[in-house]
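Read through the structure below, which is laid out as structure tokens, and then see the notes.
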Amino acid sequence: MTAVSDGVGFSFSVGTRLEGRHGRTGVLRTPHGTVATPAFVPVGTKATVKAVLPEAMKELGAQALLANAYHLYLQPGPDIVDEAGGLAAFMNWPGPTFTDSGGFQVMSLGVGFKKVLAMETVDVRSDDVIAKGKERLATVDDEGVTFRSHLNGSKHRFTPEVSMGIQHQLGADIMFAFDELTTLMNTRGYQEKSVRRTHDWAQRCIDEHERLTAERAHRPYQALFAVVQGAQYEDLRRKASRELAEIRGAAGSGFDGYGIGGALEKHNLGTIVGWCCDELPEDKPRHMLGISEPEDMFAAIEAGADTFDCVNPSRVGRNGGIYVEAGRFNIDTLRFKRDFTPIDETCDCYTCANYTRAYIHHLFKAKEMLASTLCTIHNERFTIRLVDRIRASIDGGYFDEYRAEALGRWQGRITAP
């Protein structure tokens with residue numbers, strides 16, 4: 001097992017490798033605990049996984065949580081989180097934490113597309129893309145992004161330095177460099193410009209990170225990950241990966257790891273992750289931003305992703321969507337009104353051990369908040385357990401067999417299991 005450490009209290013060790021591929025197991029060590037990889041990192045956008053106690057997330061097997069710098073900047077403010085002792089202490093979470101840079105939310109909300117990563121486009125290219133019926137809330141220039149709050153319309157400015165300042169105050173174990181989110185509808189020329197801009201911002205982020213790390217020596221070390229952009233273009237993804245890997249701060253430090261972000265075509269996800277991992281340092285951790293469907297997880301992990309996050313398990317659950325091994329179904333439909341069986345008899349979560357489909361169906365129809373809690377518990381456990389099994393299959397040497405078995409059962413959207 002090889003290990004690399006760029007900061008006090010942070011390191012990454014590579015364990016079992018998939019032969020002929022970038023996929024592997026490993027261990028992330030942070031000041032707040034370890035993460036066995038590959039690992040799914042549930043999203044607690046505003047310092048909470050919606051509808052579920054932080055303590056419950058630990059019981060579900062979550063190893064780390066990710067919160068959003070944009071939302072916590074607007075409310076309650078990073079100074080409040082800093083005064084509380086950092087994100088983990090503020091939310092009473094007994095483990096490692098991640099924060100994204102805020103760039104994704106600023107620019108995805110800015111064009112009205114919400115948080116959409118995987119997209120499909122057919123002969124559509126526009127550098128002034130905006131969702132139908134939406135108003136542009138963000139404008140980008142080489143120095144940063146000017147935006148208006150989605151809460152009250154107030155005007156704000158994010159730069160690489162501002163993002164680093166916010167994230168240092170939030171105090172997560174792993175944070176991300178400020179990057180520009182594009183869409184697949186942007187032109188090739190704009191994608192090239194955006195990759196250059198994200199590279200320049202990454203340099204500014206690591207310089208500011210070094211300065212703030214020295215200034216805040218009383219706080220635990222925070223690892224900084226760069227973010228690879230380049231949309232669906234192989235040459236841009238490879239170029240961005242190589243050049244980010246070469247960046248050094250004024251004091252000589254490189255990035256502690258790398259995120260793979262940006263809009264991409266779902267059917268090319270594994271290929272694009274593979275392009276990036278061909279070029280990124282093999283001994284540094286790699287985080288895939290924004291995936292949680294089983295087929296996407298298998299593809300990303302095989303191609304080299306060590307960790308990944310997504311809001312889907314909780315968001316889908318709050319809307320009555322349920323994950324089981326056969327696929328995803330909606331429990332608020334009539335067929336479950338008199339179904340007194342668990343959501344999934346093979347699941348070991350609290351919801352499946354104690355409640356029936358009929359009861360959860362009733363909660364949704366009655367618009368009771370408990371419906372969101374019970375479904376989120378199940379969906380988060382389903383996702384965490386699946387990734388735990390993938391990790392075990394890599395260590396055990398039967399990844400290909402397990403992938404074939406699991407995806408052979410998975411049918412996507414289904415009416416009932």
Side-chain angles (χ1 to χ4, degrees), residues 2-14 22 24 26-31 35 37 41 64 66 69 96-104 159-168 170-181 194-214 216 220-230 236-262 273 275-289 304-309:
T2 58
V4 61
S5 177
D6 281 347
V8 176
F10 178 84
S11 67
F12 176 64
S13 301
V14 177
H22 290 297
R24 73 273 183 95
V27 177
L28 270 172
R29 294 177 177 84
T30 79
V35 178
T37 65
V41 181
L66 181 145
T97 52
F98 291 56
T99 49
D100 61 17
S101 70
F104 188 88
T159 65
E161 292 79 12
V162 169
S163 177
M164 287 294 93
I166 291 168
Q167 291 190 80
H168 269 268
L170 295 177
D173 295 287
I174 294 171
M175 55 187 178
F176 290 87
F178 194 58
D179 62 311
E180 181 184 7
L181 170 72
S194 178
V195 166
R196 289 195 298 272
R197 180 179 284 151
T198 292
H199 176 274
D200 293 343
W201 287 359
Q203 181 67 65
R204 290 165 60 186
C205 282
I206 201 167
D207 289 340
E208 183 68 0
H209 172 57
E210 286 185 341
R211 188 187 72 80
L212 289 170
T213 297
R216 294 171 55 84
Y221 180 76
Q222 296 174 257
L224 177 61
F225 286 25
V227 180
V228 179
Q229 294 286 354
L236 293 185
R237 287 284 183 175
R238 290 185 180 277
K239 173 182 170 66
S241 299
R242 287 194 301 270
E243 293 183 350
L244 289 171
E246 293 170 357
I247 286 180
R248 294 294 181 272
S253 63
F255 287 103
D256 298 293
Y258 300 88
I260 301 171
V273 173
W275 294 339
C276 298
C277 293
D278 282 345
E279 310 294 340
L280 293 171
E282 199 273 342
D283 59 354
K284 296 288 184 75
R286 304 171 298 226
H287 182 89
M288 181 73 196
L289 291 146
D306 298 303
T307 53
F308 45 93
D309 68 274

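Phe10 has its side chain within reach of Pro285: a pair of non-hydrogen atoms, C-beta onward, lies under 4.5 Å apart. For the pair Asp100 and Phe98, the minimum side-chain heavy-atom distance is 4.5 Å or more.
Defined by atom type and a distance below 3.5 Å, a donor-acceptor pair is present between the side-chain atoms of Glu210 and Ser253.
In this view, His209 and His168, Tyr221 satisfy the ring-ring contact (aromatic ring centres under 6.0 Å, His included) rule, not counting sequence neighbours. For Glu279, the salt bridge (charged side-chain N to carboxylate O under 4.0 Å, His left out) partners are Arg238, Arg242, not counting sequence neighbours. Arg216 pairs by the side chain to side chain donor-acceptor pair (under 3.5 Å) definition with Asp82, not counting sequence neighbours.
A distance of 5.0 Å separates CG of Leu224 from CE of Met164, quoted to the nearest 0.5 Å. For the atom pair CZ (Arg196) and CD (Glu180), the distance works out to 11.0 Å, reported to the nearest 0.5 Å. Here CG of Asp256 is found 12.0 Å from OG1 of Thr30. Values are rounded to the nearest 0.5 Å. Rounding to the nearest 0.5 Å places CG of Leu170 at 5.5 Å from OG1 of Thr99. To the nearest 0.5 Å, atoms CG (Asp306) and SG (Cys277) are separated by 7.5 Å.
A distance-only check finds a donor-acceptor pair linking the side chain of Gln222 to the backbone of Gln167 [under 3.5 Å]. A donor-acceptor pair under 3.5 Å links the side-chain atoms of Asp173 to the main chain of Thr97, judged by distance alone. Arg204 places no side-chain N or O within 3.5 Å of a backbone atom of Glu161 that could act as its donor or acceptor partner. Without hydrogens or angle criteria, Thr198 side chain to Asp179 main chain gives no donor-acceptor distance under 3.5 Å. When atom types are taken as modelled, the side chain of Gln203 and the backbone of Arg248 share a donor-acceptor pair closer than 3.5 angstrom.
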Practice task
Show your reasoning for whether side-chain contact (heavy atoms from CB on, under 4.5 Å) applies to Arg237 and Val228.
Solution key: CA-CA 7 Å; Arg237 287 284 183 175; Val228 179; 4.1 Å; yes

Exercise for the section: Begin with the C-alpha distance, continue with both residues' side-chain angles, and end with the deciding distance and a verdict on side-chain contact (heavy atoms from CB on, under 4.5 Å) for Arg286 and Arg24. Expected result: CA-CA 11 Å; Arg286 304 171 298 226; Arg24 73 273 183 95; 3.2 Å; yes

Practice task
Please assess Leu28 against Ile174 for the test side-chain contact (heavy atoms from CB on, under 4.5 Å), listing each intermediate value before the final yes or no.
Solution key: CA-CA 10 Å; Leu28 270 172; Ile174 294 171; 4.1 Å; yes

Practice task
Would you sort out whether Phe178 and Val162 count as a side-chain contact (heavy atoms from CB on, under 4.5 Å), showing the intermediate values?
Solution key: CA-CA 9 Å; Phe178 194 58; Val162 169; over 6 Å; no

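Minimum interatomic distance between Asp207 and Ala250 (heavy atoms only, all atoms of both residues): OD1-N, 3.2 Å. In terms of heavy atoms, Ala64 sits closest to Val41 at O-CG1, 3.5 Å. Closest approach of Ile247 and Ala202 over heavy atoms only: CD1-CB, 3.9 Å. Residues Ser163 and Ser101 come closest through the heavy atom pair OG-O, 2.9 Å. Of all heavy-atom pairs between Ile260 and Cys276, the closest is CD1-CB, 3.9 Å.
Partner of His287 under the ring-ring contact (aromatic ring centres under 6.0 Å, His included) criterion, out of Phe176, Phe255, Phe308: Phe176 alone.
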